[in-house]
Amino acid sequence: PQPVRLADYRPFPFAIETTRLVFDLHPTATKVTAELAIRRVGDATEPLVLDGERLKLLSIAIDGQALGANQFVVDAEHLTIAEVPDRFVLTTEVEIDPSSNKALTGLYMSGGRFCTQCEAEGFRTITYFPDRPDVLSRYTVRIEADRKFPHLLSNGNPGAFGQVGETRHFLEWTDPFPKPCYLFALVAGDLDVLADKFITMSGREVALRILVDPGQASRAAYALDSLKRAMKWDEDTFGREYDLDLFAIVAVRDFNFGAMENKGLNIFNSALLLADPETATDLDYERIEAVVAHEYFHNWTGNRITCRDWFQLCLKEGFTVFRDQSFSADQRGAAVQRIKDVRALRARQFAEDAGPLAHPVRPSSYLKIDNFYTATIYEKGAEIIRMLKTILGDAAFRKGSDLYFDRHDGQATTVEAFIACFAEASGRDLTAFFDWYEQAGTPSVTIDTDYDAAAKALTLTLTQSTAPTPGQPNKKPLPIPVAIGLLSAEGEVLRDTEIVLLDQARQTVRWEGVTSAPVLSALRGFSAPVNLTTDARASDRYVLFAADPDLFNRWEAGQTLARDLILARAAGTPDEVGEERYADALGRALVDDAAEPAFKALLLALPSEPDLALMSDPADPAALHEARDTLRTRIAVHLGDLLRRLHGEMQSEGEFSASAEAAGRRALRNACIEILAADPRDDNLMRIVGHFEASRNMTDMIGALYPLVSIGGVAREKALANFHFAWRAEPLVLDKWFAVQGRDPNEDALERVIALTSYPDFEPTNPNRLRALVATFANFNPARFHDPSGAGYRFLADQILAVDAFNPTTAARLVDPLGGWRRYKPELGQQMREQLERIKAHPGLSRNVLELVAKALD
Ligand code: HT7
Ligand code: ZN
């Protein structure tokens, strides 16, 4: 297959001024009639080429005249009409079968309802159309269906409705805003509605509706509250107001992604919408708040201003992630939020940048765009915007975003146009900054310090370099904002944070008036997505761990200390004195009354095994697992009394609250028992079992379930059986039951995971269930996935091939754990590679999986 290249971009030679769609919905045979008012805008010789896949063409006409068989050509991917007038109406009628669509793109059935997912290229499986984001059109939609599908929804505002014969009904929708077809949506089915309203800053009333499975409306209350907070925040922070009379969200159980920002009709994976204390964890609440906000924010960053082509995906995704992260920071506390965001960035994006799938935030070619919804586009894309704001300052950043919204409203645009707005608004030359979009890889930054006690001056030498990535052997220096402060050896502030802009390969900075030998606190708040190495000694890190006013760096110091101890032990050179010292320091941090419980919970979480693997060369997952567990046991023994005391103190007796403060207390309580599980003496075991049995919310219950599973034996069996019995009728909770077993660190875990795939509740066609078991196992259980026999790799390859037969988008997302094969010790890496080869050789493999597997082997 030929890749699509950014350099080949050409505008579409026709404008689709209006699009009228008529859906005659039937589960197995839906008819879609499209009436496109088309005007030629390009060269007179250009044929009309529309995208269309898996469509049965029933009729085709231009200006009401049916076309003869010799006037058009249909192949597997296109409809081509060689000669068309300059202005005309094209009418096509096609038939599709939603019930057999298990790929979950286009029009499909979920839970007996019709729903759609068109981004990135799903619209072409609904009707013939230029399925590209730069063709904007005004849509009217008529939906007709049996009355057993009472709710008929599409984008925009509802209009005419009525009955059709005895059993059917219809409703018309008009969307006044021109949009690309990837934002089209349709839902039809039996749903309960949670309704509210929002008064915008200009005084307009917007009807808010969340539609969910019958009986589930109360579980949408948190999402609705999050939506209203997000709407207000976007007005206050970016001056953005909602523009339609209605904003609707529908929850579906079968969905390839988290959610979709269709204009006025967001469609959500139910896991990211439904929550109540009994069935959802605090992490679920946090994610619901963030994703509801994210999809809502897309109304401006993505919908009102969209992408010219899919290479510009970060234009909407990076900016929107930045917006949702800023919203979450304002709602939940900046430091804790930042630590969580950076943890995710390092785990997913840094890993991607370090492997064969490394690509720039704006890539220049792809085989299947669905494969590019990556951590690089999303999370690194957001980091770039964050750096832009750091470099320009708040006021100039806001001026730039105002200019962007003003200038490009209603357009499909590019990253260049976006950056030009900030350059113009700030008067800064951002040419070098643009390289962040085009250069893949995580820069390595080093800082060396030289303190001259006599002159009371500190010289900082900063360097940067970026290792080669596929297709980019030579890298340029990038403009990197490095936030730096200084502490004294006693932990007092010597110098407040200053941004040093490192834009050369090597730079020196001299600071005068440094009154004592300083401890460097660099890259505060993780001011740039880089790997930092400094000449800090362990003693400096202990100063930061105890006293850095920058909470990100305080946490970072603790993580670095723990990481070094684990890596040393895994390498066969344990530092037992260091381990005791670390446990002591951790104990002191945990009794700091000024620190929030949520922050302490983060301090207690040791670096994850996948993160540790990324930092060792070659990675030996079994040794890392062992070493990490040993440090956990040491902490459990050393700080046992304190952890038990904190566990008791953090217990809340009153009503459940979803507030960040209450969630922080639960997080700390759960973090305590997760550590205590490493020392499963009787009183600890009883405490964990007591925690599980007394839990009245899902956060507490899951918080104890994983430790019990990790202890194994009877504790595991009893807890899993009780949990399953209690929650067997709740799909979202059952997903958690599968996920916890995916993470089971015991030696028999793989055997059990394989057995679970034959379990009646395991539905591979449901991406949530599949990911809960298979992706959790492969991504978050390295000790068992990397079984020396290679059985873990074979299991994953089997699953990828089975899923690829019906859902290539989701199958492709499972490839990643095999992709890093070069980083593992050879006896493992070789077996991983063999499975990649096996997948690649499989007949009928999708382009999605082929692209990733081929790149991983390259
Ligand atoms: N913009 C949405 C992307 C998305 C998607 C992409 C590929 C396949 C299925 C998908 N579902 C949703 C989600 C977002 O970033 O908000
Ligand atoms: Zn998005």
Side-chain angles (χ1 to χ4, degrees), residues 346-359 371 374-376 440-442 444 467-473 531 563 566-572 607-628 742-743 745 747 749-750 753-754 774-801 804 811-842 845 849-858:
R346 283 177 169 154
R348 299 180 49 226
Q349 200 280 322
F350 281 25
E352 193 162 78
D353 251 350
L357 300 175
H359 57 275
N371 286 339
T374 60
T376 298
T442 306
S444 296
T469 54
Q472 289 189 337
N531 282 313
R563 179 198 72 196
I566 297 169
L567 294 181
R569 186 172 273 280
S608 72
E609 289 172 45
D611 288 357
L612 292 162
L614 204 58
M615 283 157 189
S616 27
D617 183 25
D620 178 350
L624 290 171
H625 176 72
E626 201 53 48
R628 184 180 183 275
R743 287 201 295 141
E747 293 210 342
L750 174 56
V753 165
I754 293 173
V774 179
T776 304
F777 174 73
N779 287 299
F780 303 114
N781 197 348
R784 300 297 148 235
F785 174 59
H786 295 279
D787 189 89
S789 70
Y793 311 145
R794 284 195 295 280
F795 165 71
L796 181 62
D798 290 346
Q799 293 295 320
I800 292 169
L801 290 174
D804 194 45
R813 295 218 168 99
L814 296 174
V815 172
D816 189 55
L818 290 169
W821 63 274
R822 283 190 182 84
R823 277 192 282 110
Y824 289 87
K825 51 181 199 173
E827 53 274 39
L828 298 177
Q830 183 51 30
Q831 297 195 71
M832 295 167 85
R833 193 195 147 92
E834 276 163 24
Q835 292 309 313
L836 287 166
E837 303 274 14
R838 185 182 138 219
I839 297 170
K840 191 171 167 216
H842 191 80
L845 195 68
V849 173
L850 176 66
E851 178 174 32
L852 299 184
V853 168
K855 282 185 178 162
L857 286 168
D858 216 12

| Arg838 and Asp798, any side-chain heavy atoms less than 4.5 Å apart | yes
| task | Indicate whether any N or O donor in one side chain lies under 3.5 Å from an N or O acceptor in the other, for Asp353 and Thr442. | result | yes
| So, are Arg348 and Glu352 salt-bridged, with charged N and O less than 4.0 Å apart? | no
Between [X] and [Y] (side chain of the first, backbone of the second, donor and acceptor by atom type, cut-off under 3.5 Å), is there such a pair?
X: Arg743; Y: Asn781; value: no
X: Gln472; Y: Ala440; value: yes
X: Arg628; Y: Pro607; value: yes
X: Asn779; Y: Ala775; value: yes
X: Asp804; Y: Ala811; value: no
X: Trp821; Y: Gln835; value: no

| said: Students often mix this up, so state it plainly: with edges at 30° and 60°, are the rings of Phe777 and Phe795 parallel, tilted or perpendicular? | reply: perpendicular
Search all heavy atoms of [X] against all heavy atoms of [Y] and return the closest pair with its distance.
X: Arg346; Y: Leu614; answer: O-CD2, 3.9 Å
X: Gly819; Y: Ala856; answer: CA-CB, 4.0 Å
X: Leu612; Y: Leu624; answer: C-CD1, 3.9 Å
X: Pro782; Y: Pro610; answer: CG-CD, 4.0 Å
X: Val753; Y: Gly742; answer: CG2-CA, 4.2 Å
X: Arg784; Y: Pro745; answer: NE-O, 2.8 Å

| query | Should Val849 and Leu814 be marked as a side chain to side chain contact (heavy atoms under 4.5 Å, CB included) after you check the CA-CA gap, both sets of side-chain angles, and the distance that decides it? | reply | CA-CA 9 Å; Val849 173; Leu814 296 174; over 6 Å; no
| request: Go through the steps to decide whether Leu828 and Tyr793 satisfy the test side chain to side chain contact (heavy atoms under 4.5 Å, CB included), and finish with yes or no. | output: CA-CA 9 Å; Leu828 298 177; Tyr793 311 145; 3.5 Å; yes
Distance from [X] atom [atom1] to [Y] atom [atom2], nearest 0.5 Å?
X: Leu796; Y: Phe785; atom1: CG; atom2: CZ; result: 5.0 Å
X: Leu357; Y: Asp816; atom1: CG; atom2: CG; result: 6.5 Å
X: Thr469; Y: His359; atom1: OG1; atom2: NE2; result: 10.5 Å
X: Met615; Y: Asp611; atom1: CE; atom2: CG; result: 6.0 Å
X: Leu818; Y: Tyr824; atom1: CG; atom2: OH; result: 10.0 Å

| request: Quick one: do Arg833 and Gln830 satisfy side-chain hydrogen bond (donor to acceptor under 3.5 Å, both in side chains)? Show the steps, please. | output: CA-CA 5 Å; Arg833 193 195 147 92; Gln830 183 51 30; 4.7 Å; no
| task | Keeping to residues at least two apart or across chains, list the salt bridge (Lys or Arg N to Asp or Glu O under 4.0 Å) pairs with something in residues 849-858. | result | Glu851-Lys855
| query | Stepwise, does the side chain to side chain contact (heavy atoms under 4.5 Å, CB included) test hold for Asp787 with Glu747? | reply | CA-CA 9 Å; Asp787 189 89; Glu747 293 210 342; over 6 Å; no
| field | Intermediate values then yes/no, side chain to side chain contact (heavy atoms under 4.5 Å, CB included), Met832 and His786 | value | CA-CA 9 Å; Met832 295 167 85; His786 295 279; 3.7 Å; yes
| said: Surrounding CD of Glu837 (heavy atoms of other residues, nucleotides or ligands, distance under 6.0 Å), is the total greater than 12? | reply: yes
| said: Does atom CD (Glu827) have a neighbourhood of more than 12 heavy atoms from anything else shown, all under 6.0 Å? | reply: yes
